[in-house]
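Report on the following structure.
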Amino acid sequence: MRKIICSLCILILIILNLGQAQPFRAGAALRIITPDPLLPVSGGVGIPHPTTEQKGDLFVRTLVLEKGKIRVAIVAMDNLGFPAVLGDRVRKLVSGIPPENILIGATHTHSAPDAYGFMDEKGNTGVDLNYLDWCIQQMAEAINEAAGNLQPAVLKIAVGNARGKIAYNYYAEQLYDPRCGVIQAIATSGANKGKPLATLVNYAIHPEVIGSEQGILSPDLCGPLYDRIEAKTGGMAIFMSSAQGGMVTADNRQPDGKEARTWEECVRIGELLADEALRIIDKAESQENPNLYCAHRDIKFPVTSKLMQFILKNSALKYEVDENFNVPTRLNLVNIGTAQVLTIPGEALPNIGYYLKRNLKTHHPFLFGLTNDAFGYILTNVDFDSFDRYEYITRTSLGEQIGEIYIEEALKLIEGNPAADGF
Ligand SMILES: [Zn+2]
């Protein structure tokens with residue numbers, strides 16, 4: 001009998017040890033991707049604008065999370081958008097993380113080189129394919145390094161309103177989502193024990209204070225946000241955009257009615273958002289050994305906009321489009337402790353953002369905008385071609401049904417998968 005009990009004890013101890021041998025782990029790494037010499041910058045459709053100076057560096061920033069056999073990489077790039085045709089080349093260079101678990105987002109700075117391969121009617125393009133090759137290499141290296149850096153960690157997660165003059169809706173002042181989601185991974189052992197390894201900030205804003213027409217290459221307000229968080233926490237900062245379409249932008253309005261379009265204004269807004277994110281996360285309880293779960297859904301969008309058909313067909317990047325102009329893309333749903341993250345392959349309008357956050361199975365909803373693809377504006381069919389104000393976002397959307405399709409597919413993805421911790 002005693003022998004049996006001992007064997008049982010040993011078995012239980014082994015099981016317990018196995019549990020402890022698979023703690024939640026996090027790793028972070030970054031690369032500078034500022035082009036040398038400087039390159040023209042793109043703020044939207046068309047040929048990029050030449051630059052003569054630089055304010056801050058452009059980055060690729062990656063956070064890799066692991067629980068047991070599940071690994072997820074969250075990647076942010078300082079660019080207007082980073083399409084899957086480039087992202088898939090990165091995914092091929094990463095080892096140890098399934099390609100469908102690598103979420104690649106763009107911060108949407110309007111002062112970085114063209115990553116869409118825009119072509120005009122005459123076949124002119126300002127894209128630098130060598131630069132993009134180098135970015136792909138840097139991004140893959142950063143992800144692999146972050147996976148190599150994995151160390152036991154706990155999480156702090158919070159969502160709260162960012163206060164102060166940060167964002168507003170340029171089309172209708174108050175129609176924006178002030179919620180800022182924050183995920184912080186804190187080391188539980190080693191030299192960094194008790195310190196944040198990484199702080200992820202999720203917020204809807206257009207980093208276009210400087211824009212593309214001042215001859216300046218810049219991460220815009222994201223640069224000062226990274227610097228501030230890193231100075232205060234010692235860990236890496238990463239910014240993931242949210243539902244910032246039509247037209248949630250930086251609040252750089254001045255009392256005289258003009259906009260401040262300076263680096264100083266980027267510093268003011270970036271530091272304020274960083275301080276707010278750290279205030280929001282400050283009192284959050286630590287989540288020990290949180291769950292990690294990653295699902296995806298491959299979908300197709302029918303492209304009916306003539307402008308978008310032209311861009312997809314003529315881009316120097318050679319997008320995957322069939323004869324009926326259907327483009328493939330991928331949605332991800334990720335549970336990270338109490339947070340649930342849904343990706344948006346473009347710029348969803350804030351009303352879509354509110355609706356989907358309300359439908360996520362979590363008390364801590366996160367939306368990663370411009371992630372896995374960056375297919376322009378995503379608006380509902382009733383918003384499409386409605387107000388005069390929506391003329392631009394209608395023209396730069398794939399088509400009338402894109403919002404409906406995206407919402408329907410996103411709801412199916414949410415419905416078919418488990419809830420976040422604590423929901
Ligand atoms: Zn935009």
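Computed from a predicted model, the values in this text were never measured in an experiment.
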Show the nearest heavy-atom pair for residues [X] and [Y], with the distance to one decimal.
X      : Y      : value
Pro35  : Leu217 : CG-CD1, 3.6 Å
Ser241 : Thr107 : CB-O, 4.4 Å
Ala243 : Ala204 : O-CB, 3.6 Å
Leu86  : Ala115 : CD1-O, 3.5 Å

Going by the rule ring-ring contact (aromatic ring centres under 6.0 Å, His included), which residues pair with [X] if we only count those two or more places apart in sequence or in a different chain?
X      : value
Tyr116 : Phe118
Phe387 : Tyr390
His206 : His108, His110

Could you grab the distance from atom [atom1] of [X] to atom [atom2] of [Y], nearest 0.5 Å is fine?
X      : Y      : atom1 : atom2 : value
Ile344 : Met240 : CD1   : CE    : 10.5 Å
Thr34  : Phe59  : OG1   : CZ    : 7.0 Å
Asn169 : Gln174 : CG    : CD    : 10.5 Å
Tyr171 : Met247 : OH    : CE    : 3.5 Å
Ile47  : Ser212 : CD1   : OG    : 12.5 Å

Exercise. Given side chain to side chain contact (heavy atoms under 4.5 Å, CB included), test Val64 with Ile143 step by step and report yes or no.
Key: CA-CA 7 Å; Val64 173; Ile143 301 169; 4.3 Å; yes
Close side-chain approach of [X] and [Y], heavy atoms under 4.5 Å:
X      : Y      : value
Leu38  : Asp36  : no
Ile205 : Gln244 : no
Ser286 : Leu155 : no
Phe82  : Val90  : yes
Val334 : Leu103 : yes
Pro48  : Val41  : no
Ser111 : Ile216 : no

With sequence neighbours left out, write down each residue that passes side chain to side chain contact (heavy atoms under 4.5 Å, CB included) with [X], or none if nothing qualifies.
X      : value
Ala162 : Ile166, Cys180, Tyr203, Leu273, Glu276
Gln184 : Lys156, Ile186, Pro196, Thr199, Thr233, Leu278, Ile281
Thr329 : Ile299, Phe301, Pro345, Asp373, Phe375
Asn144 : Val94, Ser95

Is a salt bridge present between [X] and [Y], judged by a nitrogen-to-oxygen distance below 4.0 Å?
X      : Y      : value
Arg31  : Glu145 : yes
Asp78  : Arg61  : no
Arg261 : Glu265 : no
Asp275 : Lys232 : yes

Just jot down the salt bridge (Lys or Arg N to Asp or Glu O under 4.0 Å) partners of [X], sequence neighbours excluded, or say none.
X      : value
Arg253 : Glu173, Asp251
Arg91  : Asp88
Glu408 : Lys412
Asp383 : none

Quiz item: Any side-chain donor paired with an acceptor under 3.5 Å for Thr249 and Glu208?
Solution: yes
Quiz item: Got a sec, which pairs hit side chain to side chain donor-acceptor pair (under 3.5 Å) with one end in residues 300-322, sequence neighbours left out?
Solution: Asp322-Asn326
Practice problem: Evaluate the criterion salt bridge (charged side-chain N to carboxylate O under 4.0 Å, His left out) for residue pair Asp177 and Lys357; output intermediate values, then yes/no. | Solution: CA-CA 11 Å; Asp177 185 348; Lys357 277 189 182 177; 3.0 Å; yes
Exercise. Return yes if some donor-acceptor pair links the side-chain N/O of Asn161 with the main-chain N/O of Arg163 below 3.5 Å, else return no.
Key: no
Quiz item: Taking it one step at a time, do Leu197 and Gln151 satisfy side chain to side chain contact (heavy atoms under 4.5 Å, CB included)?
Solution: CA-CA 9 Å; Leu197 296 167; Gln151 53 181 300; 3.4 Å; yes
Quiz item: In a check of side chain to side chain contact (heavy atoms under 4.5 Å, CB included) between Val341 and each of Leu200, Ile336, Leu367, which one passes?
Solution: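 It is Ile336; the other options fail the test.
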Quiz item: In this structure, are over 12 heavy atoms from other groups packed under 6.0 Å from Glu53 atom CD?
Solution: yes
Self-check item: Residue Glu415 excluded, over 12 heavy atoms near CD under 6.0 Å
Solution: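 Not buried by this count: 12 neighbours or fewer within 6.0 Å.
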Self-check item: Evaluation steps, salt bridge (charged side-chain N to carboxylate O under 4.0 Å, His left out), between Glu391 and Arg395
Solution: CA-CA 6 Å; Glu391 196 274 328; Arg395 195 158 35 88; 3.2 Å; yes
Exercise. Evaluate the criterion side chain to side chain contact (heavy atoms under 4.5 Å, CB included) for residue pair Asn381 and Gln401; output intermediate values, then yes/no.
Key: CA-CA 6 Å; Asn381 56 357; Gln401 292 307 314; 4.1 Å; yes
